[in-house]
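To keep things clear, I will list the structure first and then write my remarks on it.
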Amino acid sequence: MQYLDFCAAAERYSFTPVTADAIYYVVADKGYRISHPPIPDSCVLAATLQGSGILRPGSEDIRTDAGDILIFDASKVRFDYRCADTGWNFWWFEFRCIQPDFLELPMEHVLHIPLEEFHRTICSEALASLKLKDSKTASSLLASLLCILSRQEGAAAVMRREAELFRKADHYIRRSIASVTVQSTAHYLGICEHTLLNLFRTVLGIRTTDYIRKIRIETACHKLLTEDLPIRDIALQLGFSDPFTFSKSFRKWTGMSPTEYRKTRGDTD
């Protein structure tokens with residue numbers, strides 16, 4: 001152990017929506033290891049600032065690294081936690097949810113939500129309040145922290161879903177380049193066209209049709225430089241109705257015709 005600052009409430013108060021019973025700020029070395037008995041009706045929030053720790057709230061070890069938080073039910077069985085590497089710097093809150101549906105963050109699931117300066121200030125103020133025997137303020141500050149973390153995780157979860165949805169859309173568009181449309185892409189993803197439009201505007205700032213055209217032109221560029229297929233065949237392979245439409249679209253994106261672009265092949269040798 002390198003440094004420990006903590007406080008446990010003198011009495012077991014109850015404040016809605018949560019009650020902070022104990023708060024720890026720990027800077028631990030590689031020998032740090034704790035085995036703790038169950039805490040009745042309580043949860044634990046562990047937020048790693050630096051280094052790594054391993055927690056065992058049940059039958060399996062859970063590793064948390066810098067920027068990770070973990071919440072688990074501490075009331076069921078004895079739990080262990082220890083330093084995973086050379087050091088572990090973390091905040092530790094033992095609390096009770098007086099309002100059962102208040103806690104929206106998933107339990108026993110590592111979330112990567114790095115604590116910024118304002119998060120750490122809330123933690124420090126909560127610990128200072130508990131030391132002053134002001135459990136109500138400490139609990140209110142913890143409730144605020146949990147709300148902020150919930151909102152951040154909610155926003156991060158939306159971004160992850162959007163990224164995964166875009167990945168699937170991109171895969172489908174490239175795989176079906178000859179026949180892909182906005183309608184077929186939306187149908188493949190199981191969403192409406194408006195949602196698909198919003199997805200591309202959010203992720204790339206462009207329309208779905210513009211992205212499909214972009215992929216077609218990029219594929220055409222590759223084919224023109226690496227294959228000897230007639231331009232008409234390339235146009236049909238990429239879903240253009242005729243060479244004229246292909247040439248017009250190609251020139252708009254690249255500033256030259258397919259024939260002119262193919263002639264640059266010798267310049268790249």
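The basis for the numbers below is simple: all heavy atoms, side chains too, and nothing from hydrogens, waters or symmetry mates. Each residue takes its place number in the sequence, starting with 1.
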Donor-acceptor pair, side chain of Arg56 and main chain of Ser59, under 3.5 angstrom: yes
Mind checking whether Val180 and Tyr172 have side chains closer than 4.5 Å, heavy atoms only? yes
Check: Thr245 side chain, Ser241 main-chain N or O, donor-acceptor pair, under 3.5 Å: no
Does the side chain of Arg213 come within less than 4.5 Å of Asp210's, by heavy atoms? yes
How long is the gap from CE on Met107 to CG on Leu70, to the nearest 0.5 Å? 9.0 Å
Do Arg216 and Cys221 have side chains that get closer than 4.5 Å, going by heavy atoms? no
Strictly under 6.0 Å, is that where the ring centroids of Tyr81 and Trp92 end up? yes
I'd like to check Val44 versus His36 (side-chain heavy atoms, cut-off strictly below 4.5 Å). Are they in contact? no
Close side-chain approach of Phe240 and Ile234, heavy atoms under 4.5 Å: no
Taking C-beta and beyond as the side chain, do Tyr24 and Asp5 meet within less than 4.5 Å on heavy atoms? no
Can you see whether Thr48 engages Asp68 through a side-chain donor-acceptor pair at a distance of less than 3.5 angstrom? no
Assess the side chains of Thr181 and Ser184: does a donor N or O sit below 3.5 Å from an acceptor N or O? yes
Is it the case that the side chains of Asn198 and Thr195 hold a donor-acceptor pair, with the cut-off being a distance below 3.5 Å and no angle test? no
Please determine which of Arg174, Lys168, Arg167 meets the salt bridge (Lys or Arg N to Asp or Glu O under 4.0 Å) test together with Asp170. Arg174
If you count heavy atoms of other groups shown closer than 6.0 angstrom to CZ of Phe118, is the number above 12? yes
Tell me whether the centres of the aromatic rings in Tyr13 and Phe15 are closer together than 6.0 Å. yes
Is it true that Arg82 and Asp61 make a salt bridge, defined as a side-chain N closer than 4.0 Å to a carboxylate O? yes
For a quick check under 3.5 Å, do Asp80 and Ser35 share a side-chain donor-acceptor pair by atom type? yes
Would you please indicate yes or no on a ring centroid separation below 6.0 angstrom for Phe6 and Tyr25? no
How about Glu104: does its CD atom have over 12 heavy atoms from other parts shown lying under 6.0 Å from it? no
Asn89 side chain to Val26 main-chain N or O, any donor-acceptor pair under 3.5 Å? yes
Before accepting this row, confirm whether a basic side-chain N of the pair Lys223/Glu218 lies closer than 4.0 Å to the acidic partner's carboxylate O. no
Any side-chain heavy-atom pair from Thr209 and Ile212 closer than 4.5 angstrom? no
More than 12 foreign heavy atoms under 6.0 Å from NZ of Lys76: is that the case here? no
Does some side-chain heavy atom of Leu141 sit less than 4.5 Å from a side-chain heavy atom of Leu145? no
Quick one about Tyr188 and Ser176 (side-chain donor to acceptor, distance below 3.5 Å, no hydrogens or angles considered), yes or no? no
Near Arg207 CZ, under 6.0 Å, is it more than 12 heavy atoms from other residues, nucleotides or ligands? no
Do Gln152 and His119 have side-chain atoms, one donor and one acceptor, less than 3.5 Å apart? yes
